Each structure stands twice: as structure tokens, then as C-alpha cells.
Amino acid sequence: MDPENLPKHFEAGGAEVRWDDFWQSEGIHKWEPSRPRDETFVVDTPPPTASGSLHPGHVFSYTHTDILVRFQRMIGKNIYYPMGWDDNGLPTERRVQNYYHVRCDPTAPYEDQLELAPASAKMRKKPPKKISRDNFIELCHRVTTEDEKTFMALWKRLGVSVDWNEQYQTIDDNCRRIAQFSFLDLLEKNQVFSSNAPSMWDVDFQCAIAQAEVEDRNIAGAYHDIEFGLSDTGETFTISTTRPELLPACVGVTAHPSDERYKHFFGREAISPLFRIPVPIFPSEIADPEKGTGILMVCTFGDATDVEWWRDEGLTLRQLVGRDGRLLPADFGSQTFPSLDPVEAEKNYSDLEGKTLKAARELIVSLLREDSSGFDGTRAALVGEPRLLEHSVKFFEKGDRPLEFVPTRQWFVRLLDKKKELIAKGNLIKWHPDHMRRRYEDWTENLSFDWCVSRQRFFGVPIPVWYPILENGNCDYKSPLVPKKENLPTDPTRDCPSGFTEEQRNQPGGFKAETDIFDTWFTSSLTPQISSHWGSNQERHQALFPADVRPQAHDIIRTWAFYTIAKAHLHEDSVPWKHATISGWILDPDRKKMSKSKGNVVTPIPLIDKYSADGVRYWAGSARLGVDTALDEKVFKIGKRLVTKIFNASKFVLTQDGHSAKPSSELDLAFLSELRSLVRRSTKAFEDFDQAHALMEIENFFWSRFTDTYIELVKVRARSIDNKNPQDQGSAIFSLRFGLSVLLRLFAPFLPFVTEEVWSWAYAEESGFKSIHISSWPKDAEFAHLETPNETTSLSIAIAALTAINKAKADGEVSMGRALERLVLSGQASDVDKLRSVAVDVTAAARCENYEIIIDDTIEKGSFQVKNIEFAPKPT
RNA sequence: AGGCACGUAGCUCAGUGGCUAGAGCGCCGCCUUGACACGGCGGAGGUCGGCGGUUCGACCCCGCCCGUGCCUACCA
């Protein structure tokens, strides 16, 4: 090749666009449905939340996956690598609310042709505009469509080799169909049920949430000691509570059965202060004598334990907290709120009604301080002062106020009875790294609620259910009406159940639509089935399910991984995938998790502009799976340097134009033998899902055995113009070109752009593979016909000799290119012997014609010393 | 509170039951050579978190401890 035809520098930005266009137009990443399953590699790609912001974590984990995929493609696999968009759900709703400054109000009328502009600062000062459910959903679609373009541009820029023909959105027709199909299948299997029971409720979003979305936060609270009385003898005892505002909802009192202090109370009745409500006192094994005063009040509902006691003891329901987090009206003297003194109770409650929990707490504490607040009206009920403490409280992960248990009708998937089976399924999956399996097991073992899948939100997959309305106007929730599977997807607020007409909607004798939608995870737990078109294309399902690999980060093992395993188990008694590859988190330079809420997120695009896509991929590729990794620009720099070096070294190798011959020189054979070993090691690492190790091996070899050494040693022989010895020159040229071809292919999964660029110069035509990415991964067989070197260490020996000479030149402060007039090199006898067969290359590289090699057994084995050196004069 | 992971050169990280523990970056000195100054050559730098144990031999295996991060639990 004429060096004049090759560019001076690698223009990464241009190459990234050029090669992505080429891959798309040539269909390099296209899945071929006709090829058999065992030749196919199926990826269950994480569908990003398109309305979220671009994050280096995306770049990181998608690059991990792409590296694996590109390796699999090169070993000949037919790749199924789709891209999904998880636009369904709360993040999109919030983005729409903020972007347009609107709120969904299901009672608002639909506005045809509603055109809204992004909200200005001025508009934001006014209350948000109320828009109908349908208008709101339209805006959600509009926003996600735009956001997906941004993400797609990032993936293409990064060289993520997905097949863009295989895209889905978790809200599209196929996904809605599959989510609803999943629900109907679970209903048939009796694995899903609706229940009107206290469940975890976020008072701000006014929505039920599932255990997986709960996080514990340590917040400040206080023990309040409150005196209760016994109805019969007037004895007293003191309970401790962090939630005094729930006193009106007290439905019982409990202590440990063996607690001597309280044993004699069991079976009797306590009277609460302020409201004078008689409640049963019962023993409970789970009451902790060490905590507080050892005896406590049970309320509906302060926490999950209250729910347990309420259910197990069959206690009265005194629901106090409304869906909006404010105290509901209470009718003292009624059956629900019996009071020994309804007038007094009513008076005490009058100011509490309608208050938020926080305000109610302050107010009730001041009431409890009053002299007549005690159970018999003779003294204050509050004992001492509240004692501050920090305790952990359950929050919705996206929420601002603690969760409440509110009785509401919700749909649940039955999981609590399947912990063992689910853990067994987890053991059928190979986790990378393996210890991530423990996260899954811990979570599964500790499940304490069935999966609540209904959400009182708007943008999501509708739950495909109607309820009959009885002639008396009541809803029959026990006998839901469901659509036929072939009629999915359906929207019960628009479609009618079969056998009914639209006129019967919301009429006695007619039906009522379920307006709740599914938890987003209900749909995204089906991504392998979404890819495989489960339920509508059995042939495709067989070909693509289970997937080969599920890539994801470790923070969503409890959600995405867990739910996906659960669904595959429930539906088909299967695992969803064979391997789970778990990427770590991205940490900022202070080693804090990079997250939107912490405000320390860096946008990835400028990093790509600065360090090139290959440079950024190098950073991701060098991190082991499961290891949290700092976003360290030093590593990007190293990547970029590697890209440049590959480009330059390739330029040198491919411009050596002499004819190629079967390698015969000892140095060349030793180099090729080491290369063969590299191919074995890096292939093994890839097969073990250890791409970082493969990269390290390849990179080390490239610098220390190829560019810095072998190329320098063989340079003179390869470019000798006079052709004194065509066989030696041909041997060098073959080894350089073949060596480069192997190294490029090893690098290709990591650095797809620069390797493709170089491949296109000569190898594409030579090999017949138009893209390096569909050429073949280096195989042991490619080395089989080569002779073996006399000494496996010949390259090392040559390098050691050259290093000694280089050191002498460095010490003499002359350039490495300075010619030598005389050189005496010494080493151990065995090393000297080995050096003879490569000395011609060493001395050529050192620019020395007059040399002598002597034996000195005092020198360390494997190294050489310069005994005498004379530099030629500096050329003018 | 239990579990998992991690703790190796100033920084980011490799590493193996076996001779004097490695790389890159950074630092110091030198070199503009014909692929590359978006470079090259050379150099300095570590009691491998601590204490015990197993072993002929431990950075590696075991136990305890310390520190960091995370997971799960705790929620009166």
C-alpha cells in the first residue's frame, strides 16, 4: 500500500458515522431467522427508560454486552440483539408533568388537537393545567418518541451492534398484548388475584406500590410514652409509640406472652386515652420485651406488623389515614369507633380530622399533655417527654413521605408460596460474577408480600378486566370479566366485555371497567417473551426463548431479574435466560454512585467527542463484570492512545509492500508462537465471560510483544529495499501482516471502529469479509501450518538484548536511532547461545554492524549487559 | 444484626501456593528515529489492611480483627 493514500491521523468522529452507516446498509447486525437455534445467540437487552437522562452507566453496561455480542458474532453466531424502550410508567409521567406543566385529571374532557409548548418559567408559577387521561397519554407518547431518538443516537455513536429492525416499546401493541396475555395466563393458573387489603401506599403519588420499590430510610422520630388503663380494675400501663397520631386507630394492645410485667393483662380490655376506646390485650411472640416499654399499641395501620396482628387476631379496622395522607372522619360512638365517652372523643378528634399525619402528630401530642387526656380523665396521658431516636422507615423509592398501609383493592401475583422454586430457578442460571446470585437469593428468601401489580396511574398497560355491576349497584369483584386472548390488547375503558354493550357501562346489571394499569415491571419482566412473540408466534418463541444472556446492573436484581425469573417460572416453568451478566455501577471520582438524584452525573456524549467511541468503550471493556467502576478520564485517555497506536502500527505494517513468504526466521516463528498462545488465552477469557481479562491480555501483548518490540526488531528486515534475502523479508512481511490481522480481530469487539477502518485498507478484500465484525475470530487452526521456533523464548531473548542496548543509548543520551560503530554484549552462556539465532535482527534494530557477544555467567539469566559501546557520530 | 464484595506503588487496577510482586497513568531524566511527539527509551517508587494459623514455602488457603462499599433485615 502506498502510505500517501493513508490518512495521517485517525479521525474518529467521521469514522464512527461512516462505519455505522456501512454496518446498517450492509445488514451486518441483522438477525437471520432461518438459522437454527444452536447457532443463535439471543440477548435480552435492557430496555432503557427513554424519558430518563443519558448516563455513563448506560454506556458502561451496554458496551459490556456489545463486546460479548461482537465476540459471539465473530465466532459465527447468528445474533439476536434487539432494542427495547421502556417508556411505560411513572418516570415518563413525571417528565410529561414537568415538561408541559400539566397534571392528568381523568374527569377532565378530552381536548381535540391539544397543542402544548414546553412550559416556561412564567407558566410554572401558575397551577398545572389539568388535562384528560387521553391527552395525557398522547403527551407521554410524544415525549418518549423524541427521547428514544436521543438514546438511539448514543447507541449508534457508541457502536452498539443491535439489530435496529428488532425494536419494541413496552407500551406498543405487542407489549400490551403480551402483558395482558401474561395476566390472563396467570389468572387461568390461579396465580393472580385481587384483594381489598391493607397494602403499601404512597400518599403523594396516591398509588399502591410493591415491595421491590420500597426502600428503608433512616429518619428522626421519637418514642412517645402514653398511659393506657384497664377497663376493669383501672390499673395502668405505659406503651411506647413513634406514631402517636394513630392513637384514634388503636385496635389492640400486645406484649410478649412470657413477659411477667404484662402477663396478667392478657384477655382483658385496655382503654385508650383521649378517645376512650376499649381494645383487647393479647399476647404475641413477635412483641419484643426489650423494645420501648415492652407493651405496645396495635393500630390500623402503623406498619407491616400491625397488619399482621390485625389479620391474625381478627381486630377491628379503624382506617384513619386516607389515600391523600390526611386523617379521615371518624364517628365516635359508632360500631367502628366505640368510645366510653363519644362526646369527649369527638371533641378531641375534631381538630385532627383532615390534618396531614405530620400535623396530626404535633396536635395529638399537645392534646396528650393536657391534664384530662388520660384514660379516666384524671391526669395527662403523656408520660415524660418524647425521646428522640433515629429509626428506619419504609418509603417508596421515588417518594417523599413514608409509606402508609391503606386498605385498597389491588391485584397481586402469588409469589410468597414459591420462594423455593424461584431460588431453584436462580440456580439454573449462570451468574457473572457468580456471587451476584446471592443478591437474588437474599431477596427471594426475604420476600414478605405477594407482588402488587396494579397501579393507580395513567400511562401504562391497562389491566384487562371488567367487573359486573349487580342489580343493587354493587360491584362484583369476585367474578371479573376478561377478554378472549385473541382480542388482546384491550382497553377496558374503551372496549366492552363480550356479551355487553357500551350502554351497559357503569349501569346496574352492566359492567365497570378496571381503570388501574399494571406495574411497569409487570411488562418489563416479559422482555424475553416480548422478543420471542410469546403467545402469537410459537415458532419464533421456540427459536428465541429462553435467551442466552441477560445483561443488567446489580441494583435491579430484586426487580427486573427477580420478576423476569418469576414470570418465566409461572408461565412455562422455565428460566428466562441461561446467563446473567451483571455490570457494576459508575462511581464519581469521590467513589459515590453516579445518579441523577445525587446530581453528579456526567453526560456521555462529550466523553465520546473527546476520547472517541473506541476510547470510551476501552474504559468500559477494561472493567470486570460486577465491579463498581470510577469514571476516570485517565482510563479514557489510555483507550484513545491505544486506538492511535493501532492506527499507526497498522499503517506501518500494511505499507510494507514486499511479497509475503512462509515464515522461516526464528524471531518470526517465536513471535507467531506467542501470538498463538495469546489467541488461546483470550478466547478462553471470552468463553468465561471475562472480557476485561481478554482485553488486558490482548493489550499487553500488542504493546510489549508487537509495537514496542517485534515491529522494532523486524522493521529493517521487512523493508529492506535491495531484497538481498527475499525469503527473510517475506517471512517478516507475512508475520507482520498476519500478526496484525490476528490482533485487529482480537481487538474488534472492544474497538469496532478503528479495527474496521484498518480492516478496510487491505484485509477486507484479501479475506473476502467486507467487515471485520463478520470475519472470523482468530482460530488455533490458522497457526497449525506454521513451523515452531527452535526456542520458545527467542523473542524474549531478542527483546532483552535490545533493551540492554537501548539502556546504553539512554545512558549515553543519544537517540534510539543512533548507529553504533562497536558493541560488546554479554550474557549467560545459554542466553548467548539463544541470542545467536536472532542477533541479526537485534543488531539491525540497534543499527550496529560491528558487534561481539561474549559469555559472562554472572549476569542475571534472561538479560544482557552492554560491556562496550561506541556511538557513531550524529548524522548531519 | 446477618450476608456478599473489596482492601496490592501517589492514582486506577492486574496477579499466582514457589526464584528478588506486575501494568498503565503520574513523577524524574533523556531522545524529534523513515508507523506514531496523539510518540519513543530509561529510571525511581510497594514490610501486598492488621494479628495469628496451616505449609518446606502464603499477597494467594484458614481464623479473628480493622476499614470501605453494597445487599438483606430491623421499623412499637
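Each chain gets a letter, A, B and so on, in the order the sequences are listed, and its residues count up from 1. Side chains included, hydrogens not; waters and symmetry mates left out as well; all remaining heavy atoms used. For clarity, every value in this text was computed on a predicted model and none was experimentally measured.
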If you check every side-chain atom of [X], which of [options] has the closest atom?
X        : options             : value
A:Lys807 : B:C4, B:C25, B:G43  : B:G43
A:Glu813 : B:U32, B:G69, B:C30 : B:C30
A:Lys874 : B:U32, B:G69, B:G42 : B:U32
A:Lys8   : B:C36, B:G40, B:U72 : B:C36
A:Gln211 : B:A73, B:G34, B:A5  : B:A73

A:Asp442 has an atom CG; how far is it from atom C1' of B:C70, in whole Å?
->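 A:Asp442 atom CG is separated from B:C70 atom C1' by 11 Å.
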Look at the side chain of [X] and the base of [N], then say whether one donor and one acceptor between them are separated by less than 3.5 Å.
X        : N     : answer
A:Lys645 : B:C36 : yes
A:Thr644 : B:C38 : yes
A:Asp216 : B:C74 : yes

Does the distance from a Lys or Arg side-chain N to an Asp or Glu carboxylate O, for A:Asp628 and A:Lys593, drop under 4.0 Å?
->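 No salt bridge links A:Asp628 with A:Lys593.
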Taking 4.0 Å as the cut-off, does a side-chain nitrogen or oxygen of [X] come that near to OP1 or OP2 on [N]?
X        : N     : result
A:Arg719 : B:A35 : yes
A:Arg438 : B:C71 : no
A:Arg641 : B:A37 : no

Mind checking A:Glu712 for me? I need base, sugar-phosphate or nothing, with any heavy atom below 4.0 Å counting as a touch.
->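 Result for A:Glu712 = base.
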Are A:His9 and B:C38 stacked, counting the six-membered base ring, centres under 5.5 Å, planes under 30°?
->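 Stacked: ring centres under 5.5 Å, planes under 30°.
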Check: A:Ser448 main-chain N/O paired with A:Gln211 side-chain donor or acceptor under 3.5 Å = yes
Tell me which donor-acceptor pairs under 3.5 Å the side chains of residues 6-15 of chain A have, and how far apart each pair is, sequence neighbours excluded?
none

